[in-house]
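Structure first, then comments.
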Amino acid sequence: MKPDEERPSSPNDDTNNVNEEPDPESPTTVVDRQTQQNFVSKLSQFAFIPSPNSPLRLSPVKLSARGTETPDLKTKNEDDGTVAVGLKRALEDDEDVLPSIPQPSSSSSPPKKKKKKPSRGLASPEMYAHLNSLDDNLKVGLDVMFCGINPGVLSGKIGHHFGNPTNHFWACLHDSGLTSKRLKPPDDHTLPDKFNLGLTNLVERVTAEQNELSKSEQIAGVPALLRKIAHFRPRIVCFIGLGIATIVTSQLFKSEKKVVKTSLGLQPYKMRYRSDSSPITETIFFAVSSTSGRVVAYQKVDKVKQFQELKRVLDEVKLSSFDSSGLVEVVAPGPLVSRFYREVKEVDEEVV
């Protein structure tokens, strides 16, 4: 073979052996390693490093081991490949840097109750003077005379009883069977003639809340209410709310030493009339909870049940099957109730 002739490459030629370890001092190897280190260095800029004050939960063990130092990004050769140990550890610990859901503690204090909205103070007549009082819807011989404390603001604005759309009165009338259809506030004047029901109030003037009426003003309205009852002679007077029931009852029995407690349903007294040609000789008293939607002590379904009980008692009264012998009599001499004569009768414990 000629000296200057190229020798053909051999399969065993070391210069073409792909399994040969790269020369550490080779320029190409140095460039590749430098590029790799630059890549890892740039990647480290995107690593998440939570601070000790971070709200994200960290494992106590790993937090103490990790400290506040920047994660180690030294490289390590594994299976002839280079990995970023710091980045690998960050990926392994990924679940520790996720926000944790706070768990309720058994020793934690109970949630604070919402503060009640402060009640309004007494309102002078001038405050709601621009709103008109409502007319009574009454006639003689009603089945039920409904009596509220006083008209609300919205009722005063539209000029009709129970005018607030959140009030359950009209729904309770229909759902209990006292009216054959669902009425609206503008239909209040039709109650006496179409359904033999009536509407009135203890106090005429309009306020936003009952608390805006003084107790003396409410008490002052009792004699006028009793005169209405004696004149129109309804079979039943139904108080809308225990507040008005308490006021009226306290005035009826104010001269007696015992306190007569009021409760929902049938009241422990009746008004007795003088004997005459009227088919109605007495009026019994009943109480339901306030139908206002703001009163949540009783839900609508509970209020409907109270009205259903009222209708049941009314049906018994109209059929003359209601036994009122155990009720205290409040006798009304003539159309004006100037004084009351009470006859307390023994209540038979067996009478339901």
Side-chain angles (χ1 to χ4, degrees), residues 131-139 142-213 218 221 225 228-229 232 234-248 262-267 284-315:
L131 300 175
N132 297 323
S133 59
L134 305 183
D135 295 331
D136 291 338
N137 301 125
L138 301 172
K139 75 173 186 178
L142 292 168
D143 287 339
V144 182
M145 177 192 290
F146 290 98
C147 185
I149 284 284
N150 71 312
V153 171
L154 190 53
S155 294
K157 287 181 179 179
I158 66 176
H160 296 286
H161 293 268
F162 302 102
N164 196 310
T166 64
N167 196 292
H168 298 141
F169 177 77
W170 300 105
C172 289
L173 280 186
H174 176 252
D175 294 348
S176 64
L178 287 169
T179 59
S180 58
K181 65 178 182 178
R182 172 72 176 269
L183 301 178
K184 296 180 180 179
D187 302 323
D188 56 2
H189 68 282
T190 67
L191 280 177
D193 292 333
K194 288 189 175 181
F195 304 101
N196 210 31
L197 305 174
L199 298 172
T200 188
N201 286 292
L202 178 64
V203 180
E204 293 184 355
R205 75 182 183 96
V206 176
T207 61
E209 295 179 358
Q210 177 184 346
N211 294 332
E212 294 180 282
L213 298 173
Q218 297 178 49
L225 174 62
K228 290 179 186 179
I229 296 172
F232 291 102
R235 288 184 171 90
I236 301 177
V237 170
C238 181
F239 300 123
I240 307 296
L242 285 179
I244 179 175
T246 301
I247 291 293
V248 173
T262 56
S263 59
L264 296 177
L266 188 66
Q267 301 304 295
I284 63 176
F285 294 80
F286 198 92
V288 296
S289 59
S290 172
T291 56
S292 171
R294 302 192 323 183
V295 177
V296 297
Y298 295 93
Q299 299 301 310
K300 179 183 175 182
V301 62
D302 303 316
K303 299 173 185 178
V304 171
K305 290 180 180 179
Q306 296 169 20
F307 275 71
Q308 290 173 339
E309 177 63 15
L310 170 64
K311 185 179 183 302
R312 185 193 67 79
V313 174
L314 173 62
D315 291 341

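Only this structure's heavy atoms are used, side chains among them; waters, hydrogens and symmetry mates stay out.
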Rounded to the nearest 0.5 Å, what separation is found between the [atom1] atom of [X] and the [atom2] atom of [Y]?
X: Leu213; Y: Asn150; atom1: CG; atom2: CG; answer: 4.5 Å
X: Trp170; Y: Thr291; atom1: CH2; atom2: OG1; answer: 10.0 Å
X: Leu142; Y: Ile229; atom1: CG; atom2: CD1; answer: 11.5 Å

Closest heavy-atom pair and its distance - [X], [Y]:
X: Leu264; Y: Val288; result: CD2-C, 3.6 Å
X: Ile244; Y: Gly148; result: CD1-O, 3.4 Å
X: Gly243; Y: Ile149; result: C-CD1, 4.3 Å
X: Leu202; Y: Gln218; result: CD2-O, 3.6 Å

Would you say the side chains of Ser292 and Asn164 form a donor-acceptor pair under 3.5 Å? no
Which atom pairs, one a donor and one an acceptor, fall under 3.5 Å between side chains of residues 177-185 and the rest of the protein, sequence neighbours left out?
unit_1 : atom_1 : unit_2 : atom_2 : d
Thr179 : OG1    : His174 : N      : 3.4
Thr179 : OG1    : Lys181 : O      : 3.1

Is there a donor-acceptor pair closer than 3.5 Å between any side-chain N or O of Asp302 and the backbone N or O of Gln299? yes
Are the side chain of Ser155 and the backbone of Gly163 linked by a donor-acceptor contact shorter than 3.5 Å? yes
Member of Val295, Asn167, Leu242 meeting the side-chain contact (heavy atoms from CB on, under 4.5 Å) criterion with Ser290: Val295
Scan Val237, Leu173, Asn137 and name whichever one has a side-chain contact (heavy atoms from CB on, under 4.5 Å) with Phe146. Leu173
Applying side-chain contact (heavy atoms from CB on, under 4.5 Å), name anything that partners Asp175, two or more places apart in sequence or on another chain. Ala171, Lys300, Val304
Test log, rule side-chain contact (heavy atoms from CB on, under 4.5 Å), inputs Phe169 and Phe307: CA-CA 9 Å; Phe169 177 77; Phe307 275 71; 4.1 Å; yes
Classify the ring geometry between Phe285 and Phe239 as parallel (under 30°), tilted (30 to 60°) or perpendicular (over 60°). parallel
Check the pair Glu309, Gln306 against side-chain contact (heavy atoms from CB on, under 4.5 Å), reporting the backbone distance first and the verdict last. CA-CA 5 Å; Glu309 177 63 15; Gln306 296 169 20; 5.7 Å; no
Minimum side-chain heavy-atom gap His161-Thr200 below 4.5 Å: no
Has Phe195 got more than 12 heavy atoms of other residues, nucleotides or ligands less than 6.0 Å from its CZ? yes
